[in-house]
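Here's the structure we're looking at; comments come further down.
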Number of protein chains: 2
Amino acid sequence: MARPHRAVLTAEIIADAALTLIDSGEPFGVNALARALGVKPPSLYNHVQGLEAIIELVRGRLADRYLVELPADAPWDVTVESTIRAERLMYTSHPHVVPLIATSTVTDQQAINAYDTTASALVDAGFPDSEVLVLVQLLDAFALGSGLDYAAPDAVWRPEGKTRNLGRLLELEPRGKVRSDQAFEIGLAMLLTALRARLEEHLRA
Amino acid sequence: MARPHRAVLTAEIIADAALTLIDSGEPFGVNALARALGVKPPSLYNHVQGLEAIIELVRGRLADRYLVELPADAPWDVTVESTIRAERLMYTSHPHVVPLIATSTVTDQQAINAYDTTASALVDAGFPDSEVLVLVQLLDAFALGSGLDYAAPDAVWRPEGKTRNLGRLLELEPRGKVRSDQAFEIGLAMLLTALRARLEEHLRA
DNA sequence: ACCTGAACACCGTTCAAGT
DNA sequence: ACCTGAACACCGTTCAAGT
């Protein structure tokens with residue numbers, strides 16, 4: 001059998017299977033994905049351009065589900081907070097995706113929309129143009145770093161010798177994902193405070 | 001010739017060659033590194049445990065050079081600022097290293113020391129134990145994200161459709177590494193402000 | 001002690017051949 | 001139109017053989 005009467009593959013089917021495989025924690029790649037789909041690796045190239053394109057499809061799939069459209073008339077800090085929380089929920093729900101998308105360029109429309117929404121909220125609030133992308137990037141780095149931390153909460157640092165405080169702090173309760181959650185809340189509160197203070201300065205000047 | 005009279009390989013030689021190869025931007029791996037060293041891939045395994053160990057050696061090499069010991073009696077915010085600036089200089093000087101070390105566990109002694117120094121500065125300043133690791137992590141994520149941004153400053157987002165503000169902001173001058181530098185300065189100033197404000201709250205309570 | 005050759009189980013991608 | 005087989009140029013790692 002070379003070609004079934006009804007197509008067994010589409011970009012959507014590939015994206016879904018990719019997300020499932022990534023979430024499983026098993027090694028991810030074109031060959032492994034083809035195996036999971038019961039198909040030979042070259043077949044995928046009839047529907048997607050290659051590994052990077054598949055990863056971008058996965059990003060799009062997640063963005064569609066998690067980065068929903070926000071009300072345009074909400075206060076800027078509500079928009080910012082909602083977006084970061086949605087982004088972090090996306091990452092913590094699919095932690096194995098984080099390392100794959102962390103270093104690639106974002107082209108997916110819904111993901112771009114989410115960043116555009118945050119950028120627009122900051123522009124409308126009164127932040128100067130020259131700062132907005134920086135702030136969007138800072139917030140994104142925080143959400144992403146927080147996602148990486150959630151995926152491997154106690155594995156970021158492994159001191160092998162004596163330390164003044166780091167080793168002791170790593171032993172403190174709570175551990176793991178609970179600590180990662182608390183870390184996220186503290187970091188988010190700090191960033192929002194800093195943003196509000198900075199906006200004050202701009203509006204006063 | 002199976003074994004030369006004088007060893008051609010040591011862990012240091014491998015680490016240096018690895019850094020040089022990574023910095024060149026060419027594909028990095030055990031095989032490519034062996035080729036660069038004029039040696040067969042299995043030879044490396046007499047000196048290092050594998051690819052991950054080589055990457056950790058590179059981290060150590062950079063930490064030795066950039067994350068120098070700081071005076072223990074400096075004000076906490078000077079320590080924090082110096083460490084972040086040193087870390088960012090390390091990443092911007094070796095941008096291709098960033099994606100390789102971003103997702104791996106830190107075990108190198110000098111790198112651990114740097115984090116321990118920051119943690120201790122925050123503890124001594126009066127931040128509660130429960131927050132210190134979070135803050136160290138937030139600062140680290142910022143430095144790392146800033147390094148990633150410097151490596152590919154205009155490639156983080158590529159909108160293909162229309163956007164309210166994102167596309168316009170991406171076109172603004174300055175571009176590239178200059179913007180990345182400005183972004184770093186703004187982000188750093190914001191984080192230090194937020195840290196000082198948070199410490200105030202803790203000391204007042 | 002340490003480098004090599006051979007081997008293993010993988011990768012991502014291209015392309016002509018098949019239906 | 002779309003799946004396959006064969007092929008290519010790679011990976012990282014193990015291990016017996018060589019000096």
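Letters go in sequence order (proteins before strands), and every chain restarts at 1.
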Partner nucleotide of [N] by Watson-Crick or wobble geometry (both distances under 3.5 Å):
N: D:dC3; answer: none
N: C:dG12; answer: D:dC8
N: C:dA17; answer: none

Using whole Å, report how far [atom1] of [X] lies from [atom2] of [N].
X: B:L9; N: C:dC3; atom1: CG; atom2: P; result: 5 Å
X: A:K40; N: C:dC15; atom1: NZ; atom2: C1'; result: 17 Å
X: A:Q49; N: C:dT14; atom1: CD; atom2: C1'; result: 14 Å

Check whether the side chains of B:R59 and B:S104 place a donor and an acceptor atom closer than 3.5 Å, and report yes or no.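 Yes, side-chain donor-acceptor contact under 3.5 Å.
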Do B:S130 and A:Q182 get their side chains close enough for a donor-acceptor pair, meaning under 3.5 Å?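 Side-chain D/A pair, B:S130 to A:Q182: absent.
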So, A:D116 side chain and B:R164 main chain: donor-acceptor pair closer than 3.5 Å or not? yes
Any donor-acceptor pair under 3.5 Å linking the side chain of B:T83 with the backbone of B:T79? yes
Stacked cation flag B:R88 on B:F184, 6.0 angstrom / 45 deg: yes
Locate the shortest heavy-atom distance separating B:A63 from B:Q110; write the atom from each residue and the value. O-CG, 3.6 Å
Under 4.0 Å from OP1 or OP2 of C:dC3: is there any side-chain N or O of B:H47 that close? yes
Give a yes/no on whether any side-chain N or O of A:S43 is located under 4.0 angstrom from OP1 or OP2 of D:dC2.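 For A:S43, the contact criterion (side-chain N or O under 4.0 Å from OP1 or OP2 of D:dC2) is not met.
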Close N or O pairs between protein and nucleotides 10-12 of chain C (under 3.5 Å):
residue: C:dC11; atom: OP1; partner: A:R35; partner atom: NH2; Å: 2.7
residue: C:dG12; atom: OP1; partner: A:V30; partner atom: N; Å: 3.0
residue: C:dG12; atom: OP2; partner: A:V30; partner atom: N; Å: 2.8
residue: C:dG12; atom: OP2; partner: A:N31; partner atom: N; Å: 2.8
residue: C:dG12; atom: OP2; partner: A:N31; partner atom: OD1; Å: 3.2

Give the nucleotide from the list D:dC2, D:dC15, C:dC3 with an atom nearest to the side chain of A:N46.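 Closest of the options to the side chain of A:N46: D:dC2.
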